[in-house]
Trainee: 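Starting off with a structure, shown below.
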Amino acid sequence: MKTLKEAKVGDTVRVVKLHGEGAVKRRIMDMGLTKGVDVRIRRVAPLGDPIEVNVRGYELSIRKADAEMIEVE
């Protein structure tokens, strides 16, 4: 299982599954990170948190803890 946190800068990955439950999962889905969507890793902050990605045509910064809950291929 590979997560969004493990993806490298410049990679384009596809969301396979969202882990987590309740409000956290709903918040991730509200940001546009749903099953089947393509995500491009733009850059990672110097200390690794947050991760900046392109999803559905816009830029999004996501925390490492949330990125661990997103399974990608």
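Computation of the quantities below employed the complete heavy-atom set of this structure, encompassing side-chain atoms and omitting hydrogens, waters and symmetry-equivalent molecules. On a predicted model such as this, the values are computed, not experimentally measured, just so you know. In this chain, numbering begins with 1 at the start of the sequence shown.
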Trainee: Would you give the length of the straight line joining atom OG1 of Thr12 to atom CG of Asp38, rounded to the nearest 0.5 angstrom?
Mentor: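 The distance works out to 7.0 Å.
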Trainee: Show the nearest heavy-atom pair for residues Leu18 and Met29, with the distance to one decimal.
Mentor: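 Scanning both residues, the minimum pair turns out to be CD1-CG, 3.3 Å.
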Trainee: Going hydrophobic residue to hydrophobic residue with side-chain gaps under 4.5 angstrom, can you get from Val16 over to Val37?
Mentor: no
Trainee: Search all heavy atoms of Val15 against all heavy atoms of Val72 and return the closest pair with its distance.
Mentor: CA-CG1, 4.2 Å
Trainee: Determine whether Val53 and Arg42 make a side-chain contact, defined as any pair of heavy atoms from C-beta on separated by less than 4.5 Å.
Mentor: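 A side-chain contact under 4.5 Å is absent here.
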Trainee: Starting from the C-alpha separation in whole Å, work towards a yes-or-no answer on side chain to side chain contact (heavy atoms under 4.5 Å, CB included) for Leu60 and Leu33.
Mentor: CA-CA 10 Å; Leu60 173 69; Leu33 292 164; 3.8 Å; yes
Trainee: So which atom in Asp49 and which in Ile62 form the shortest heavy-atom distance, rounded to 0.1 Å?
Mentor: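 Here Asp49 and Ile62 meet closest at OD1-O, 4.3 Å.
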Trainee: Can you see which heavy atom on Lys5 is nearest to which on Lys64, and at what distance?
Mentor: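 Answer, listing the atom of Lys5 first, then Lys64: CE-CD, 3.7 Å.
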Trainee: Is the CZ atom of Arg63 crowded by more than 12 outside heavy atoms at less than 6.0 Å?
Mentor: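 At most 12 heavy atoms, drawn from other residues, nucleotides or ligands, come within 6.0 Å of this atom.
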Trainee: Where do Ala67 and Thr3 come nearest, in terms of heavy atoms and distance?
Mentor: O-CB, 3.8 Å
Trainee: Quick one: which of Ile51, Ile70, Asp11 gives a side-chain contact (heavy atoms from CB on, under 4.5 Å) with Leu4?
Mentor: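 That would be Ile70; it is the only one of Ile51, Ile70, Asp11 passing the side-chain contact (heavy atoms from CB on, under 4.5 Å) with Leu4.
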Trainee: Which of these, Lys17, Lys35, Lys2, sits in a side-chain contact (heavy atoms from CB on, under 4.5 Å) with Glu71?
Mentor: Lys17
Trainee: How many angstroms lie between atom CE of Met1 and atom CD of Glu68, to the nearest 0.5 angstrom?
Mentor: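 The CE atom of Met1 sits 8.5 Å away from the CD atom of Glu68.
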Trainee: Any ion pair linking Glu52 and Arg43 (charged N to carboxylate O, less than 4.0 Å)?
Mentor: yes
Trainee: For Val55 and Gly32, which heavy atoms make the closest approach, and how far apart are they?
Mentor: CG2-O, 3.8 Å
